[in-house]
Amino acid sequence: MQAYNNSADEIIKKSSIDETDKEMYRSAYKMTIENLDFWYGNNKVLHDVSLNIEENKVTALIGPSGCGKSTFLRTLNRMNDTIPGTRINGIIKLDDINIYTGIKDVSQIRTRVGMVFQKSNPFPKSIYDNVAYGLKVNGIKDKNLIAELVEESLIQAALWDEVKDNLDHSAYMLSGGQQQRLCIARALAIRPEVILMDEPASALDPISTSKIEDLIGILKKKYTIIIVTHNMQQAARVSDYTAFFFQGDLVEFGATKEIFTRPQKKKTEDYITGRFG
Amino acid sequence: MNMKELKFKQKSRLWEFLGEKFIAVNAFVALIAIILIFIFIFKEAVPIFTDPEIREEVTLGKMVFKQEFYEGRDAKWSWQPNSEVPKYSLFALFIGTLKAAIIAMLFAIPLGIGAAIYSSEFAGKRMREIIKPVIELLAGIPSVVLGFFALIVLATFLQNLFGLTFRLNALNAGIALGIAIIPIIFTVAEDAMTSVPRSLREAATALGANQWQVSLTVVLPAALPGLSAGVVLGFGRAIGETMIVLLASGNAAIISANFVDSVRTFSATIAAELAEVVFGSGHYSVLFFIGSLLFVFTFIINFSGDMLLTRIKSRFQGKMN
């Protein structure tokens, strides 16, 4: 985090721009998180997390189980709202909108910040209806448009060739890896700007995993991706930035290359080299 | 390091074998009981097809088709087994059974499933802990009490409300039946809906669906097998339930499309007449034939419920092959 903020500050200093321009620079991030605290009941699980997410990059969140990385991810599209007894403090912005106070309807955020879950969770519907679901619940009625977006999303998720003849079949007929790519296609269909991925490949075999990783590399050209992963190699392979969480604190944040080759903090180094976790 | 030797116990093949046979027997007892009951009941109805003396009085054709009972009068369907000329037309009873059951289902399906949706999707934890046991308690009310309630209270209320000619009618019986069926549909549907995995709700929520959309477009279709099982069970009860219709329906075998006419159902007919019938008479056999019919109906309902479910499922949940 230190390293990253320093470089950002340096750029600002070098161009000697004033405070308002500094604001503009800040808002160039896709998402900004400031002083985020989070509680489950009385149990505080995130402490003062501040982090900027750059557009069209992959940001990986790593850390041992229970470090708060998934909780953090789920604050970014307000999924934690669905869990009773949770409380949040701090600011999360998508572009310039505060996603907790600056919107009327929470679905406004969820259509812009999509999510892919750890275990593939297709609906018990046909393949087509799975992908079309997000469009339909958000009021898209034009059948041709829906068909177009379904096809495009399945192509983007590298699943089209495998399912194009069986769109009316149940999604449960697909293999585990295909189901997860279907879930990615489903998330893509509503054209989000940010995609959150919560260990998207942890339940998959190595071949399916590498397909998902290749996909992430392609998708980042169009989308901003934030991915939680337990797999250190995966973080190193797919991400541009890495954030290391430990016991609810953001220990270190920076370019993935930096984090993996020259971590600033002892904790990060210990974790990455496998001394704990 | 000195490893301690572990002595694992050999599993007994004999006990495994006996255990398996024992539970198999348990399963077959239920099956055999059903078959035997059906055989016994149908056996008593067989004379309709074989005994020449009884066939003069009643045949399958006489039970199904219109009959010219008195010379010169119009042919009609009539259920008057104790008349000088016994009339055994089952059509009026069939219509009566169907009318009461349909009203019961129209009343119970929306209420039962609505309550299930509320309890599983919208109610808070505490509210749910009140609603669920209370509705399930409804299932514990003896049907004679419900019938009595319909006979005394509900009938008067409905008569005043709609200005009806007959106090006891299909509507009255149907609503009372519905009250008996609600907990059946509710319990099965609620269980099916609460067991829809959280991950599916989360997936829909993350796509911008609100709570209503999650319930109606994800949970409800996913719980479809459970919902249909509840409805089929409820319909079976509506066809077979006896005490409520006996007390609340008026027991007049009238053929009409009017839902506020009195009706006589199959089950109530058996209950009302079997105690006084001459053993081995045509009437006796007909009552057992009605019993067999109820069996067959329940079977058909279950079977067609399954068929319907398969079709609806492939429509809502995608093809499985």
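Labels below follow one simple rule: chain letters A, B, ... track the order of the sequence lines, proteins then strands, and each chain is numbered from 1.
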Of the non-hydrogen atoms in [X] and [Y], which two are nearest, and what is the gap between them?
X	Y	answer
Asn121(A)	Ala203(B)	ND2-CB, 3.4 Å
Ala206(B)	Met115(A)	CB-CB, 4.0 Å
Gly134(A)	Leu207(B)	CA-CB, 4.2 Å

Test item: Pro124(A) and Val196(B) side chains (from C-beta on) under 4.5 Å apart, heavy atoms
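With C-beta onward as the side chain, the pair stays apart.
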Sequence-distant partners of Phe94(B), ring-ring contact (aromatic ring centres under 6.0 Å, His included), two or more places apart:
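Testing Phe94(B) for ring-ring contact (aromatic ring centres under 6.0 Å, His included), a comparison that skips the adjacent residues, returns Phe297(B).
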Which members of residues 67-90 of chain A, sorted by number, sit under 4.5 angstrom from chain B on a heavy-atom basis?
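Counting heavy atoms that sit under 4.5 Å from chain B, the residues of residues 67-90 of chain A involved are Arg74(A), Asn77(A), Met79(A), Thr82(A), Ile83(A).
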Part of [X] within contact of chain B (heavy atom distance under 4.5 Å):
X	value
Phe123(A)	both
Pro192(A)	neither
Tyr172(A)	side chain

Working to the nearest 0.5 angstrom, can you tell me the gap between Leu200(B) CG and Lys125(A) NZ?
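Between atom CG of Leu200(B) and atom NZ of Lys125(A) there are 9.5 Å.
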Within 6.0 angstrom of Lys313(B) NZ, more than 12 heavy atoms from elsewhere:
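Open: at most 12 neighbouring heavy atoms sit under 6.0 Å from NZ of Lys313(B).
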With a 4.5 Å heavy-atom cut-off (strictly below), which parts of residues 109-129 of chain B touch chain A? List them by number.
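Near chain A, by residue number: none.
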Suppose a student defines contact as a heavy atom less than 4.5 Å from any heavy atom of chain A. Which residues in residues 211-242 of chain B would they list?
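Listed by number: Gln213(B), Val214(B), Thr217(B), Val218(B), Pro221(B), Ala222(B).
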